[in-house]
Amino acid sequence: MSTSSLDNEKTKRTVGSTWNLTKETTGASGMVEGYDAPKPSRMTMRAQVLGLAICVGGFLFGYDIGVISSCYIMKPFVLAFGGTCDAETGACALSAGRQSIINSSLSIGTFTGALLQAPFSDHIGRKRSMILWSLVFTLGAVIQTATINSYPQFSVGRAIAGLGVGALSGLCPLYLGETAPKHVRGAMVAGYQLLIIFGIFVSYGVGWATQNFHESSASWKIPVGLQLLWGVSLFSIMTLLPESPRYELQKERTERAREVMAAMRGIELREVNGELRGDKWMEAELREMKEAIDIENVEFKGRSYISSYLLCFSKKQQMWKRTLNGIMLQTIQQLNGQNFYYYYGSTFFSKAAVSLNAYQIQFILGAVSLVMTIPALIGVEKLGRRQSLLIGALLQAACAFIVAFVGRYALAPDGTPADRLTSSQKSAGNAFIAFAVLHVSFFSMFWGPTPWIYLSENYPQFIRGKCISLGSASNWIWNFLLSYFSPLVAEDYDSFIMLIFGSVLVFGFFYTYLMVPEVKGLSLEEVDELYEQRVPPWRSASWTPPTRLVKE
């Protein structure tokens, strides 16, 4: 059987049997019309600029999450927004209520932005949407930086910046997935994930440096104001890039889509059968996009934008279970405990009474997170998605429980002078910090990237965007709840708040074992077969697709 015949059979079997569609309704062609090329095109300058834009979006995302934590223990910031300082120790702190409002205002914006980005990007395009939301983020940064002593104004600025962050957190990988050459797409997504953590790390370093302006508002205005640079950078880079070829196809501008893809890949269009075409690698990608768009048109025909989301919970191929898994993994990821360290680590670690100050501890935390993200990009392919989640849940739960009990029963009382610490209290403080750092390290290796990878590869292509938006929205709503209630809970229960996160991780272990299958190495069609056959998740790693075809 020829290659094209195999392609035709696979199209008929996977699409027709699964979604009751045929080759004719999808518009699939049995042959790719493109000129021969020995291999896909190499990395081009335009592709590098595209990767830079996406990385700036990730960096902006991470920096905005981490920048506020350092501000919470800066005397000028605390006094400007109604906090108090202890006359004896000099320690300054905002009330838990105000911390909650300032922090959660960002999450309100991110949740709203995550939901708004889909209709905006569908209506005005991916490129113009990214330009719009980068400007919204920059406006929010301007409002924050211009604030003198009004915490409501500062919170509004955080919420507006959050709109941009939430929208861009979905738009950046979406635009990347639709525009980047297929053979370098994975590396660029990995770079996006890495730059989120790098943004957090840089925000900690800037906060550590500017806290030396002990009596000046520059201590917090510099790190907050630097957000302007990242927003303007993303805006500037996006003006140099084209519209997504997938969006061009949706608007039936096929030739323009082909031109964009050729430019990003650095290849020339040549005349094939009387029409300009790219090489066979590019034309195959273009055909895949066109087929997915045709399937969308058939499946969503007669449905409103809102009612089309009901397909995410249909019984076909256990879509309800797959969507639920995406939502639950994002929920558990947010309740791992790592964001508590990122948001409130500076005030939390100040209780440890160790020789390092809170800024230094936070910087170490960010550095470790950054370094441990790198092996995660390899480990998730070696261990698989399921194993990564199971191992990570157990290791992080152990760390959370140790931090909880050491913090409650072994640390020195708040305000104890350093020269009065006993040897056991010093050891307890070191253990407290060490296991907090290990907790974040294991998160970076396992539960940080894996739920996002799961979202990207566990759904049929035509409905993937909607399923991902539901998972992302659950991530942001829990981010909001965590940022609002954590300081209030910690004020009453102190380090015992980690018992909550540890318990969620234990639940996460059992949920993953019972509900989440292994999908490493499977195509989208094979993932559909896995769910259709109702393979138990604990047996999924050894499952082999019975109808897998090998091209000859």
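One-based numbering along the sequence shown.
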Indicate yes or no: at least one non-hydrogen side-chain atom of Pro451 is less than 4.5 angstrom from one of Trp447. yes
Tell me the closest heavy-atom pair linking Leu171 and Ser129, and the distance in Å. CD1-CB, 3.7 Å
Taking all heavy atoms of Cys71 and all of Trp220, pick out the closest pair and write down the distance. SG-CB, 3.8 Å
Distance col, row Tyr454:OH vs Asn325:CG, nearest 0.5 angstrom, shows 3.5 Å
Rounded distance (nearest 0.5 Å) linking atom OG of Ser155 with atom CD of Gln153: 10.0 Å
What closest approach, in Å, do Ala141 and Ala161 show between heavy atoms, and which atom pair accounts for it? N-CB, 4.4 Å
Can you tell if the side chain of Gln330 reaches within under 4.5 Å of the side chain of Ile477, non-hydrogen atoms only? no
Would Thr110 and Trp476 satisfy side-chain hydrogen bond (donor to acceptor under 3.5 Å, both in side chains), going step by step from the backbone distance to the final call? CA-CA 6 Å; Thr110 52; Trp476 286 117; 5.1 Å; no
Is there side-chain contact between Lys127 and Tyr247, with at least one heavy-atom pair below 4.5 Å? no
Which residue in the set Arg277, Arg253, Glu248 passes side-chain contact (heavy atoms from CB on, under 4.5 Å) when paired with Arg258? Arg277
Please determine whether the number of non-hydrogen atoms from other residues, nucleotides or ligands lying under 6.0 Å from atom CD of Glu268 exceeds 12. yes
Any side-chain heavy atom of Lys466 sitting closer than 4.5 Å to one from Ser308? yes
Trp478 atom CH2, over 12 foreign heavy atoms within 6.0 Å: no
Salt-bridge present (Arg287, Glu291; N to O < 4.0 Å): yes
Taking C-beta and beyond as the side chain, do Met264 and Pro242 meet within less than 4.5 Å on heavy atoms? yes
Which one of Ile143, Ile101, Thr147 satisfies the side-chain contact (heavy atoms from CB on, under 4.5 Å) criterion with Phe154? Thr147
Leu234 side chain near Phe59 side chain, heavy-atom distance below 4.5 Å: no
How far does CE of Met319 sit from CG of Asn458, to the nearest 0.5 angstrom? 8.5 Å
Do you know the tightest heavy-atom contact between Pro245 and Val260? CD-CG1, 4.0 Å
Could you grab the distance from atom CG of Leu324 to atom SG of Cys467, nearest 0.5 Å is fine? 11.5 Å
Hey, could you give me the CG/CD1 distance between Leu249 and Ile293, rounded to the nearest 0.5 Å? 4.5 Å
Once the angle between the rings of Phe120 and Trp133 is folded into 0 to 90°, is it parallel (under 30°), tilted (30 to 60°) or perpendicular (over 60°)? perpendicular
Might you work through the side chain to side chain contact (heavy atoms under 4.5 Å, CB included) test for Leu132 and Met238, ending with a clear yes or no? CA-CA 10 Å; Leu132 170 66; Met238 283 308 304; over 6 Å; no
Salt bridge check, Lys280 against Glu283: does any charged N sit closer than 4.0 Å to a carboxylate O? no
Is the closest side-chain heavy-atom distance between Tyr63 and Val202 below 4.5 Å? yes
Can you tell me how far the CD1 atom of Ile332 sits from the CD1 atom of Ile327, to the nearest 0.5 Å? 12.0 Å
To check you understand the geometry: which heavy-atom pair defines the closest contact between Tyr531 and Gln318, and what is its length? O-OE1, 3.0 Å
